[in-house]
Amino acid sequence: MSYFDAASAAPLHPVARQALVAALDEGWADPARLYREGRRARLLLDASRETAAEAVGCRPDELVFTPSGTGAVHTGVSGAMAGRRRTGRHVVVSAVEHSSVLHAAGAYEATEVGVDRTGRVDAAAFAAALRPDTALACLQSANHEVGTVQPVGETARLCREAGVPLLVDAAQSLAWGPVEDGWSLLAASAHKWGGPPGVGLLAVRKGVRFAPQGPADERESGRSPGFGNLPAVVAAAASLRAVREEAAAERARLSELVERIRSRVPGLVPDVEVVGHPTLRLPHLVTFSCLYVDGEVLLGGLDRAGFSVSSGSSCTSSTLTPSHVLRAMGVLSEGNVRVSLPPGTPAEDVERFLDVLPGVVRSVRDQLGAPAGEARTTPGPVVPEVQDASGPPALTVDALGRRCPIPVIELAKVIGDVPVGAVIAVLSDDEAARLDIPAWCQMRDQEYVGERAAARGTAYLVRRRT
């Protein structure tokens, strides 16, 4: 089985395993106690903090360990907002932040800043969203779904000029190197870099107003209450140092493998959109979406073929809504595949994936009755003038009660049955259609006119151009 989902959780690094086993024998006692076992545990905790702080690029006394990366994010947001409560309750985030950041910011008055089609934030647009009552800004270092690297350094400079602290979610990028300087708070999670699950870290620069909002406790500067899992903390710090030492070589090797996937998939599989920034991206991650494909069925087919991958398609989500990241980018969401290679991935596994993928996609499309290759757009009569979209459509496709990609498949089947310039209405009550029908139009050089309310669901209007 080839594991290609390191962005969710990286396999435990051998150094983490060794450190964890050793710390179970040496680091079980309370590091706050003065007897021998406590002092030994304290030495391990202090050494781990120094190791992690060096990797982050902060002082050891600025960094605390938390029970998870999500916990670090929520602690960072709530503490920073409470510390600057006199400034206001406004927070600025990008529209593609991890859900933990969006949930934490949702407790306040949040402004989401959009991204371009590659998933990248414009630093000037982000700064323009800052207000006099903005207490905090949040920006990820790199996106967890498409790998796009964000302009943290420039954004941090603009936030600093406005007097607003910037919290950076560095979960996806910390293994590859330190985050650009200028941030005020930083959060990360050990299981993203090959450490054990259940360990996060939060760094708060000296001088940043911060008031912890969790239960009162003297441990971890009052920012992470409770008796910490010291053996896991030791393993997390040791593995972070190890992956950093290996980062340069693995970056070059995995970048070549990812580029191989990015360049060859569109030629191997018809109707594919590779998403994310082509160059400003994480070295181990690539995402692409396949037209006319159910994401859950596709992932199941790849799993049976021996590949563990992830997806942002709504049919693979517990919420049955499209990925908020893909929605913000305005790209196709259904049939989405995220490949994130862990360190040590053999080139042979990538080649086998490229051999298997076309057949799996073809099988899924056949099951759904999808068009083969290009959608059928046989030349038809041209209407004397372009049809007014406000009137009745030339053809209505009823896809109510059917999940994407079915509405898109039904549209593709009939687009050639209407004259050039005519309008088709697709009725759908699947939220994914709001994203996938416009994306299909862009990929197929058809005109997406817009949407309007229907007696049931929503009518998505498409004008035939070719």
Side-chain angles (χ1 to χ4, degrees), residues 95-99 102 112 114-115 117-119 143-146 269-276 287-302 309-338 360-361 364-371 375 393 396-415 424-444 446-462:
V96 294
E97 294 300 310
H98 189 271
S99 58
L102 298 180
E112 290 189 10
V115 296
R117 198 170 171 82
T118 70
N143 186 258
H144 52 291
E145 288 194 29
V146 300
V269 181
D271 305 320
V272 164
E273 181 180 19
V274 179
V275 299
T287 301
F288 54 89
S289 296
C290 307
L291 268 178
Y292 318 132
V293 169
D294 181 292
E296 184 176 9
V297 178
L298 177 58
L299 262 60
L302 289 171
V309 298
S310 184
S311 173
S313 296
S314 62
C315 52
T316 67
S317 165
S318 59
T319 62
L320 291 181
T321 57
S323 153
H324 69 278
V325 172
L326 301 179
R327 184 172 63 243
M329 293 168 62
V331 298
L332 185 69
S333 72
E334 293 307 315
N336 178 260
V337 175
R338 180 185 70 180
V360 175
V361 173
V364 175
R365 287 174 172 166
D366 288 345
Q367 293 177 44
L368 296 173
T396 297
V397 175
D398 186 350
L400 293 168
R402 310 180 74 184
R403 293 192 317 183
C404 279
I406 299 301
V408 178
I409 291 175
E410 295 304 314
L411 170 61
K413 288 179 177 178
V414 302
I415 189 70
I424 295 177
V426 182
L427 299 178
S428 177
D429 48 10
D430 184 352
E431 180 65 25
R434 179 169 283 111
L435 182 60
D436 289 348
I437 291 176
W440 178 88
C441 290
Q442 181 162 352
M443 295 176 71
R444 279 284 168 268
Q446 306 297 342
E447 180 185 354
Y448 178 66
V449 178
E451 65 178 73
R452 64 188 181 201
R456 289 181 56 206
T458 303
Y460 299 95
L461 305 178
V462 176

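Values reported hereafter were calculated over all heavy atoms of this structure, with side chains retained and with hydrogens, waters and symmetry mates removed.
Looking at heavy atoms from C-beta onward, Leu102 lies in side-chain contact with Glu112 at the 4.5 angstrom threshold. Residues Gln442 and Tyr448 fail the side-chain proximity criterion, which asks for heavy atoms closer than 4.5 Å. Proximity of Lys413 to Val397: side-chain heavy atoms (C-beta onward) are nowhere separated by under 4.5 Å.
In terms of heavy-atom proximity, Pro393 sits nearest to Arg452 at CD-NH2, 3.7 Å. Pairing each heavy atom of Leu332 with each of Leu291, the nearest pair is CD2-N, 3.7 Å. Across every non-hydrogen atom of Ala328 and Val115, the tightest pair is O-CG2, 3.9 Å. Here the shortest heavy-atom pairing between Val360 and Leu302 reads CG1-N, 4.0 Å.
Distance CD1/Ile437 to CD/Gln446: 13.0 Å, rounded to 0.5 Å. Taking CG of Leu368 as the reference point, atom CD1 of Ile409 lies at 4.5 Å (rounded to 0.5 Å). Annotation: the span from Ile406 atom CD1 to Asp430 atom CG amounts to 10.5 Å, rounded to 0.5 Å. Annotation: the span from His144 atom NE2 to Ser323 atom OG amounts to 6.5 Å, rounded to 0.5 Å. The OH atom of Tyr292 sits 5.5 Å away from atom CG of Asp271, with the distance rounded to the nearest 0.5 Å. The distance from the CD1 atom of Ile424 to the CD1 atom of Ile415 is 4.0 Å, given to the nearest 0.5 Å.
At distances below 3.5 Å, not a single donor-acceptor pair connects side-chain atoms of Ser333 with backbone N or O atoms of Leu326. Judged by distance alone, the side chain of Ser428 and the main-chain N or O of Ala433 form no donor-acceptor pair under 3.5 Å. Distance alone, capped at 3.5 Å, is enough to place a donor-acceptor pair between the Asn143 side chain and the Val96 backbone. Distance alone, capped at 3.5 Å, is enough to place a donor-acceptor pair between the Ser311 side chain and the Asn336 backbone. No donor-acceptor pair under 3.5 Å is formed between the side chain of Asp429 and the backbone N or O of Leu400.
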Chi angles and distances behind the side-chain contact (heavy atoms from CB on, under 4.5 Å) call for Glu334, Asp294: CA-CA 6 Å; Glu334 293 307 315; Asp294 181 292; 5.7 Å; no
Val462 vs Trp440, side-chain contact (heavy atoms from CB on, under 4.5 Å): CA-CA, chis, key distance, verdict: CA-CA 10 Å; Val462 176; Trp440 178 88; 4.2 Å; yes
Val331 and Arg117: CA distance, side-chain angles, deciding distance, side-chain contact (heavy atoms from CB on, under 4.5 Å) verdict: CA-CA 7 Å; Val331 298; Arg117 198 170 171 82; 3.8 Å; yes
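Under a 4.0 Å N-O distance rule, the pair Glu431/Arg327 does not qualify as a salt bridge.
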